[in-house]
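Data first, discussion second: the structure below is written as structure tokens.
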Amino acid sequence: MTARDVILREMGLTPVWRTRSNDAVVTTGEAASVTTAIPTASAPPVALAETLEARSAAIANMSWSDLRDSIASCSACSLSKTRTHTVPGVGDLAPSWMVIGEAPGENEDKQGEPFVGKAGQLLDAMLSAVGKKRGDGVFIANVIKCRPPGNRNPEPSEIAACAPYLKRQIALASPKLLLAAGKFAAQTLLNRDDTVGAMRATGGSYEGVPVVVTYHPSYLLRSPLEKAKAWEDLIKARSIVP
Ligand code: URA
């Protein structure tokens, strides 16, 4: 299922097809319990699908500054209604390592920068332990750029809506290594529906870039005994890209 399909399904707008007799569209599903033929001029489902494709294509050509502006004004999902700031990412724009987290929390939403709370302090300490520093050879971003209310897990539709941004960030940054912190980053980068433990064991790659999976710093704050495993992950990452 494509990201477009996920978003359309979440919005109750699938399946979508054109009628034979004219250029109208018909929708089924919860959003269209009353099945309606809509004239092409105001055909939201098809137009939406085309818009989603056009949006992805436009994002795929953006510069860093275009990307920042586009994220700042994004309203592709409902998180735009509750966020204070978007959190595009921070750091070296030509990094050797790129760290991908899950989503902004309360502090990040206030400041517009990823990993600035307690989890961020731990992430900085972990990076420092292997001679790495945010902003110096390291770029940090999240799978989604707006805070989910109450720090709930991101919805698949939100991840899908933000995916073109993450993809473009990785293409522009062209890192030599991706460090996936936590389940959502690992699942998104590896396109797997698996546990962190299973993904840690195998790692993988994203568009040819090696992906090392580790535990999310927030999880490590709750389960400090797992820090030893995170240390192993960092050593592994450093052995791949010093
Ligand atoms: N957790 C994340 O995954 N990202 C942040 O930016 C902060 C906390």
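Note that ligands are numbered from 1 as they come in the structure, with each ligand's atoms numbered from 1 the same way. It should be emphasised that the depicted structure is a prediction, and the values quoted were computed from it without experimental measurement.
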message: Before you tell me yes or no, could you show the steps for K227 and L122 under side-chain contact (heavy atoms from CB on, under 4.5 Å), namely the whole-Å CA-CA distance, both residues' side-chain angles and the distance that decides it to 0.1 Å?
response: CA-CA 10 Å; K227 283 184 186 171; L122 177 56; 4.1 Å; yes

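Every atom of ligand 1 with a heavy atom of H216 under 4.0 Å away is listed here by number and element: 1 (N), 2 (C), 3 (O). Which parts of ligand 1 touch G101 is read off a 4.0 Å heavy-atom cut-off, strictly below it: atoms 3 (O).
Within the 4.0 Å heavy-atom criterion, both parts of P114, backbone and side chain, lie near ligand 1. When non-hydrogen atoms are compared, ligand 1 lies under 4.0 Å from the backbone of E102 as well as from its side chain.
Nearest protein heavy-atom contact of atom 4 (N) of ligand 1 is N142 OD1, 2.8 Å. The protein non-hydrogen atom at the shortest distance from atom 2 (C) of ligand 1 is A103 O, 3.1 Å.
Residue contacts with ligand 1: E113 is excluded, as none of its non-hydrogen atoms falls under 4.0 Å.
Using modelled atom types, one side-chain atom of R200 and one backbone atom of K229 make a donor-acceptor pair closer than 3.5 Å. No donor-acceptor distance shorter than 3.5 angstrom exists from the side chain of S174 to the backbone of A171, with no hydrogens or angles considered. Counting only distance, with no hydrogens or angles, the side chain of S239 and the backbone of K236 share a donor-acceptor pair below 3.5 Å.
Residue S218 places no N or O, backbone or side chain, under 3.5 Å from any N or O of ligand 1. Close N/O approach between F115 and ligand 1 is found [any backbone or side-chain N/O within under 3.5 Å].
Each of E158, H85, Q169 was compared with K145 under the side chain to side chain donor-acceptor pair (under 3.5 Å) criterion, and only Q169 meets it.
You'll find the side chain of V130 reaches within 4.5 Å of the side chain of W231, heavy atoms only.
Judged by the 6.0 Å and 45° rule, R192 forms no cation-pi pair with Y206.
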